[in-house]
Enquirer: 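Have a look at this one.
We name chains A, B, ... by the order of the sequence lines, and we start the count at 1 in each one. If you're wondering where the values come from, they're calculated on a predicted model, not measured in any experiment.
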2 protein chains.
Amino acid sequence: MGQDGAGINLETSLGYLLKEASSVLRTAMEEVLRPLGMTVTHYSCLELLAQRPGLSNSELARGAFVTRQSMNVLLQALERDGYVTRPAQAPVGKVLPTRLTPKGRRNLEKATAAVRSVELRMLAGLTDSEQAEALRILKAMIHGLTRIDQC
Amino acid sequence: MGQDGAGINLETSLGYLLKEASSVLRTAMEEVLRPLGMTVTHYSCLELLAQRPGLSNSELARGAFVTRQSMNVLLQALERDGYVTRPAQAPVGKVLPTRLTPKGRRNLEKATAAVRSVELRMLAGLTDSEQAEALRILKAMIHGLTRIDQC
DNA sequence: CACGGTATGTCAGAATGCTGACATGGGTCA
DNA sequence: TGACCCATGTCAGCATTCTGACATACCGTG
């Protein structure tokens, strides 16, 4: 079937390419995570907790790029299944610090390996200096877009 | 509130940064598109049609990174509101080539300007050669991820 | 020509995420 | 100290997208 016609300048738009790369990455992650019974948000939440134990619901939501409400639903499921624990009462304020259980940590290990293989495949054609450059450029893009907005 | 703690190596993961950049970009686009009564998918569809008139529903879906079914719902709404037209009967096969109406084209112009301003803000801190480098690197990432999969 | 394989448009149901709203706790500044 | 503002956790309703399924149309091979 005719997919890519001649040169369309959509392919020269960094915004479009960014969306495409993100979409392809997400699909690839879903594929390797599905056999483990995990979604991408599910994995993101666990990975965040492994690297920063004690994060709150809202902080996890920001880290996984979803709303507090969505993360809350996920956390309740994870808690019910024994992957994470939250104190019944907040030690300070209303913030409930979340922590991985040993079961959650074990579950995460397999997922991390799977995701790492995806990331390696993504970076296979890039040299170390290109990867460093990509990191710098992406941060610059994010920086430019998060400047208080509205002109 | 404590947002960014000390160095966490999430910030060195290209995959995570890619997701963050894409999320920030999408949010910024939603902000400038909302006053025009447009969503990002809505805009993507119109922009695709402007650059490649006569695209089918399925091709538009792939270009906007949604399913055929979602794009179909959107196209029905766009057709109902007079932004696009589709022949009642397929000239060949089942494929219904879609085209922008003058109204749709006018509507798109304002959106394109708004989105362009967002993209400019995103690229403000980058030199031309850095932008070209980013383009090359993103394509390489996509290429590495779309290789037939399943190693 | 008949055939399986693939792609398309479309309908319906299910899942996921988001918006709106509320009560509560903490910090700041007068 | 009291008032205000902001952030948090959580509940409920809504919107959007996805998954599953079907009939149809093309295209290659035998």
Enquirer: Can you pull out every salt bridge (charged side-chain N to carboxylate O under 4.0 Å, His left out) where at least one residue sits in residues 122-143 of chain A? Sequence neighbours excluded, please.
Expert: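 For residues 122-143 of chain A: A:E130-B:R136, A:E133-A:R136, A:R136-B:E130.
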Enquirer: Please report the distance, rounded to the nearest Å, between CE in B:M71 and P in C:dA7.
Expert: 19 Å
Enquirer: Rounded to whole Å, how long is the line connecting atom CG of B:L96 with atom P of D:dT24?
Expert: 16 Å
Enquirer: So how far is it from A:T12 OG1 to A:L17 CG, rounded to the nearest 0.5 Å?
Expert: 9.0 Å
Enquirer: Nearest of D:dT19, C:dG9, D:dG9 to any side-chain atom of A:S58?
Expert: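 The nucleotide sitting nearest to the side chain is D:dG9.
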Enquirer: OP1 or OP2 of D:dT8 versus the side-chain N and O atoms of A:R62: is any pair under 4.0 Å?
Expert: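 Indeed, a polar side-chain atom of A:R62 lies that close.
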Enquirer: Which nucleotide in the set C:dG25, D:dT10, C:dG9 lies at the smallest distance from any side-chain heavy atom of A:K94?
Expert: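 Side chain of A:K94 sits closest to C:dG25.
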Enquirer: Tell me: CD of A:E79 to P of D:dG9, nearest whole Å?
Expert: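 Taking CD of A:E79 and P of D:dG9, I get 12 Å after rounding.
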Enquirer: Under 3.5 Å, is there an N or O donor on one side and an acceptor on the other linking the side chain of B:Q69 and the base of C:dG13?
Expert: no
Enquirer: Counting only side-chain N and O atoms of A:S70, is one of them less than 4.0 Å from OP1 or OP2 of C:dC18?
Expert: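 A:S70 to C:dC18 OP1/OP2: side-chain N or O found under 4.0 Å.
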Enquirer: Provide, to the nearest angstrom, the distance between the CD atom belonging to A:E59 and the P atom belonging to D:dT8.
Expert: 7 Å
Enquirer: Whole Å only: how far is the CD atom of A:E30 from the C1' atom of D:dC18?
Expert: 10 Å
Enquirer: Looking only at side-chain N and O atoms, does A:R26 come under 4.0 Å of OP1 or OP2 in D:dC18?
Expert: no
Enquirer: Take B:R26 and B:E30 through the salt bridge (Lys or Arg N to Asp or Glu O under 4.0 Å) test and state the conclusion after the steps.
Expert: CA-CA 6 Å; B:R26 186 180 186 87; B:E30 281 169 353; 3.5 Å; yes
Enquirer: Just to be sure I understand the rule, does A:Q76 reach a base, reach only the sugar-phosphate, or reach nothing, if contact means heavy atoms closer than 4.0 Å?
Expert: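 Counting heavy atoms under 4.0 Å across all strands, the contact made by A:Q76 is with sugar-phosphate only.
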Enquirer: Assess whether a salt bridge exists between A:E109 and A:R105, defined as any Lys/Arg side-chain N lying under 4.0 Å from an Asp/Glu carboxylate O.
Expert: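 Salt bridge between A:E109 and A:R105, a charged N being under 4.0 Å from a carboxylate O: no.
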Enquirer: For a quick test of reading the model: is some side-chain N or O of A:N72 closer than 4.0 Å to OP1 or OP2 of D:dT10?
Expert: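 The answer is yes; a side-chain N or O of A:N72 sits under 4.0 Å from OP1 or OP2.
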Enquirer: I need the CG-P distance between B:L74 and C:dC11, as an integer number of Å.
Expert: 15 Å
Enquirer: Has B:K103 got its NZ or CZ under 6.0 Å from the middle of the six-membered ring of B:Y83, at an angle within 45 degrees of the ring axis?
Expert: yes
Enquirer: Can you tell me if A:T41 touches the phosphate of C:dG17, counting only side-chain N or O atoms and a distance under 4.0 Å to OP1 or OP2?
Expert: yes
Enquirer: For the pair made of CD in A:Q89 and P in D:dT10, what is the distance, rounded to whole Å?
Expert: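 The answer, rounded to whole Å, is 12 Å.
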Enquirer: Among the nucleotides C:dT10, C:dG26, D:dT24, which one has an atom lying closest to any side-chain atom of A:V92?
Expert: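 Closest nucleotide to the A:V92 side chain: C:dG26.
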Enquirer: Between A:N57 (CG) and C:dG17 (P), how many Å, whole number?
Expert: 13 Å
Enquirer: Does B:R86 put a side-chain nitrogen or oxygen below 4.0 Å from OP1 or OP2 of C:dT10?
Expert: yes
Enquirer: B:T112 versus B:Y43: any side-chain heavy-atom pair under 4.5 Å?
Expert: yes
Enquirer: If the cut-off is 4.0 Å, is A:S56 near the phosphate of D:dT8, judged by side-chain N/O to OP1 or OP2?
Expert: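 No.
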Enquirer: Please figure out whether A:R68 or A:G93 has its closest DNA chain C nucleotide nearer the 5' end.
Expert: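 On the 5' side of the pair lies A:R68.
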